[in-house]
S.K.: 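Okay, here's the structure, questions in a sec.
Nothing fancy with the numbering, it's 1 onward along the sequence. One-based numbering, in listed order, for ligands and for the atoms of each.
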Amino acid sequence: MNIVIIYDSSTGTTAKAAEAMRKTFEDQGHMCRVQSVAKAKPADVSEADLICVGCWVKGLFIIRQHPTEGAMRFVERLGALSGKNVVVFCTYKTAVGSALRQMAKALEGKGAQVVGQFKYRGPQPNNKFASFAASLT
Ligand SMILES: Cc1cc2nc3c(=O)[nH]c(=O)nc-3n(C[C@H](O)[C@H](O)[C@H](O)COP(=O)(O)O)c2cc1C
């Protein structure tokens, strides 16, 4: 499978998580590219079989959590994603609130099917993600 991971990171945690996800996908025999929202081109991204979009959680730590503007702006720039499988992920410290749901909703609005939602407290993807990666054919 051809997978692309797009991330928005301020201090490097989400970038590290994205790289770790790539390694897991590659260990399962998939092709995977990782790009920041600043560098990624919407047209290239749309060609992937699976698109993963991730960012850090921004908010007031216990309330009003949301995805980063950079991640949401990137999603807005994507064309129609009808029938595309997408994954959303985020890194956080205390609580994610509706951050993942907000990203998922924006991608569903483009016609994508959200097949996975993952939150990591730090740069390491969790077992739930590992199981997901192992289940991909
Ligand atoms: C301005 C600001 C607001 C944040 N708000 C939240 C929050 O509401 N909930 C939370 O769990 N973490 C919050 N965090 C923590 C970051 O989401 C977390 O440290 C993340 O892993 C940073 O990712 P990065 O290193 O890729 O930038 C906030 C961080 C900053 C700088």
S.K.: To check your reading of the model: name the closest protein heavy atom to atom 30 (C) of ligand 1, its residue, and the distance in Å.
M.R.: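 Closest protein heavy atom to atom 30 (C) of ligand 1: Trp56 CZ3, 3.5 Å.
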S.K.: Tell me if the centroids of the rings in Phe89 and Phe129 come within less than 6.0 Å of each other.
M.R.: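 No, ring centres 6.0 Å or more apart.
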S.K.: Any idea which heavy atoms bring Ile5 and Ala18 closest together, and the distance?
M.R.: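 For Ile5 and Ala18, the tightest heavy-atom pair comes out as CD1-O, 3.5 Å.
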S.K.: Please classify the Val96 to ligand 1 contact at 4.0 Å (heavy-atom distances, strictly less than): side chain, backbone, both or neither.
M.R.: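 Neither; no heavy atom under 4.0 Å.
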S.K.: Which option out of Thr91, Val57, Thr11, Asp8 puts a heavy atom nearest to atom 20 (C) of ligand 1?
M.R.: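 Looking at heavy atoms only, the winner is Thr91.
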S.K.: Just which atoms of ligand 1 are under 4.0 Å from any heavy atom in Ser10?
M.R.: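 That gives atoms 24 (P), 26 (O), 27 (O) of ligand 1.
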S.K.: Ignoring angles and geometry beyond distance, decide whether Lys58 reaches within less than 3.5 Å of ligand 1 through its nitrogen or oxygen atoms.
M.R.: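 The answer is no, given that Lys58 and ligand 1 share no N or O pair closer than 3.5 Å.
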S.K.: For Gly59, take its heavy atoms, then give the atoms of ligand 1 lying under 4.0 Å from any of them.
M.R.: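 Result: 3 (C), 4 (C), 5 (N), 6 (C), 7 (C), 8 (O).
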S.K.: Assess whether a salt bridge exists between Glu19 and Arg22, defined as any Lys/Arg side-chain N lying under 4.0 Å from an Asp/Glu carboxylate O.
M.R.: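 Salt bridge between Glu19 and Arg22, a charged N being under 4.0 Å from a carboxylate O: yes.
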S.K.: If you count the non-hydrogen atoms of other residues, nucleotides and ligands that lie under 6.0 Å from CG in Leu60, is the total more than 12?
M.R.: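 Yes.
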S.K.: Just which atoms of ligand 1 are under 4.0 Å from any heavy atom in Lys93?
M.R.: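 Counting from 1, the qualifying ligand atoms are 10 (C), 11 (O), 12 (N), 15 (C), 18 (C), 19 (O).
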S.K.: Any nitrogen or oxygen of Ile63 lying under 3.5 Å from a nitrogen or oxygen in ligand 1? Just yes or no.
M.R.: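 For ligand 1, there is no N or O atom that lies under 3.5 Å from one belonging to Ile63.
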S.K.: Quick check on contacts: which atoms of ligand 1 are under 4.0 angstrom from a heavy atom of Ala95?
M.R.: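 Checking each atom against Ala95, I get 9 (N), 10 (C), 11 (O).
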S.K.: Which atoms of ligand 1 have any heavy atom of Leu60 under 4.0 Å away?
M.R.: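 Going through ligand 1 atom by atom, the ones under 4.0 Å from Leu60 are 8 (O).
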S.K.: In ligand 1, which numbered atoms sit nearer than 4.0 Å to a non-hydrogen atom of Thr13?
M.R.: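 In order of numbering, the contacting atoms are 21 (O), 23 (O), 24 (P), 25 (O), 26 (O).
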S.K.: Just to be sure I read this right, does ligand 1 sit under 4.0 Å from the backbone of Cys90, its side chain, both, or neither, counting only heavy atoms?
M.R.: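 Near ligand 1, Cys90 shows nothing, with every heavy atom at 4.0 Å or more.
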S.K.: Which atoms from ligand 1 have a heavy atom of Thr14 less than 4.0 Å away?
M.R.: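 Counting from 1, the qualifying ligand atoms are 23 (O), 24 (P), 26 (O).
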